[in-house]
Amino acid sequence: MATKHRPRGASNSGAAPRSPAGRPSQSILTIDLAAIMANYRALRRRLGARTTSAAVVKADAYGLGADRVVPALVAAGCREFFVADLGEAQAIRHVLPVRIPVYVLGGLLAGEEAAFQRHHAVPVLNDLAQVDRWQRAARARGRALPAILHVDTGMSRLGLAPDDALSLAAPGRLAGLELRAVISHLACAEDPGEPLNARQLAAFKRLRQAFPAARASLANSSGIFLGRAYHFDFVRPGAALFGINPRPGRRNPLHQAVTLRGKILQIHDVDPPRSVGYGATHRVAGRSRIATVAAGYADGWPRSLSNRGSAYIGNLRVPVIGRVSMDLMTLDITAAPHLAPGDTVELIGPHLSVDDVADAAGTIGYEILTRLGRRYHRVYSGGPASR
Ligand SMILES: *Cc1c(COP(=O)(O)O)cnc(C)c1O
């Protein structure tokens with residue numbers, strides 16, 4: 001994003017604020033680092049004095065940019081991070097001192113032993129072969145290597161089978177490893193009424209007793225809201241840090257972290273019997289004003305919002321009409337005749353949360369965030385070293 005254009009202001013109205021620098025045709029994604037820091041602190045306030053909070057920043061901090069989000073979380077007090085794979089660990093090492101550990105949830109695959117050590121990444125060991133592999137690396141290195149054990153208590157996704165985990169509790173069986181923690185992951189934490197939560201909790205309590213020297217961790221964002229019994233030594237929120245509601249159907253206790261303003265590229269006044277977009281799926285009922293906005297499915301704006309989604313102009317809701325295409329979508333702005341090309345509309349913001357967009361699209365907020373497009377002009381606000 002090397003080019004710097006002056007914001008255009010001439011045609012903007014009060015309802016559509018002037019855009020910050022960026023190409024005039026770009027929609028604008030604003031990431032509020034101060035909100036992410038406030039969310040981290042708010043989650044910590046729910047924990048007891050002996051419980052700390054790591055942060056899960058896989059998928060480039062849920063699409064928001066790990067190189068900016070991670071330093072903000074460090075400034076908010078976070079001292080351990082989880083990512084999905086070694087590449088992500090390597091990517092955040094540039095912004096993280098080596099004394100702050102980065103744990104890799106995907107485990108330790110054959111051939112990664114040297115790179116894990118080079119990038120000061122700590123593997124979350126998910127099966128016995130990974131345990132053996134890391135022990136061999138420790139022997140070759142001549143010193144103990146740090147590790148986390150992940151035990152599968154009911155998710156059937158990653159982690160050691162409980163019996164395999166218990167076999168590792170035998171004296172000397174983990175020689176060469178510095179066991180930092182034992183963790184497990186909840187399958188249904190966002191649903192407090194789901195009996196699997198209590199079953200996983202009971203299984204995890206049994207397992208962690210076999211490793212009394214290691215710290216224990218079970219809760220993701222939603223797990224934090226299941227109560228203190230689920231907190232153990234540290235919790236592992238991701239989504240809630242970024243404003244996704246950890247308690248679907250109830251009031252969101254966290255701050256929204258993103259705002260997306262769609263840039264209007266062109267406006268058409270059309271009369272029946274005209275149709276709009278691919279497949280001619282929307283036919284105008286009367287004289288209509290149609291705004292074409294720079295956000296499409298290649299920007300992560302879901303095609304399932306075709307003829308279903310919304311945007312806001314101030315407090316006015318306007319509908320998505322026709323199909324969302326690769327780079328563009330169309331809105332019926334008949335009720336907002338003052339808009340002009342270059343103005344912006346709210347796609348995510350005070351009237352439309354990430355969760356609202358996800359509901360309309362038939363998905364979850366996690367998917368909306370992690371697909372936020374790379375073609376948007378990205379602006380970071382707040383944070384430790386606001387630029
Ligand atoms: C992604 C993930 C988390 C964070 O989950 P959120 O629901 O985003 O808080 C925690 N633990 C594990 C093992 C994960 O894969």
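From a predicted model like this one, the values you see are computed outputs, not experimental measurements. Whatever order the structure lists them in is the order used to number ligands and atoms, beginning at 1.
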Task: Worked verdict on D332 versus R283 for salt bridge (charged side-chain N to carboxylate O under 4.0 Å, His left out) - done: CA-CA 11 Å; D332 184 336; R283 282 165 205 286; over 6 Å; no
TODO: Measure the acute angle between the ring planes of Y62 and F242, then classify it against the limits of 30° and 60° as parallel, tilted or perpendicular.
DONE: tilted
Task: Heavy-atom check, side chain of P341 versus side chain of I267, under 4.5 Å - done: yes
Task: Within 6.0 angstrom of D271 CG, more than 12 heavy atoms from elsewhere - done: yes
TODO: Could you list who else is in V284's hydrophobic cluster, with ILVMFWY side chains joined at under 4.5 Å, directly or through other members?
DONE: V270, V276, I290, I321
TODO: Specify whether F116 and W134 have parallel, tilted or perpendicular ring planes, treating 30° as the upper limit for parallel and 60° as the lower limit for perpendicular.
DONE: perpendicular
Task: Amino acids contacting ligand 1, non-hydrogen cut-off under 4.0 Å - done: V56, K58, Y62, L105, R157, H185, N220, S221, R236, P237, G238, A239, Y366
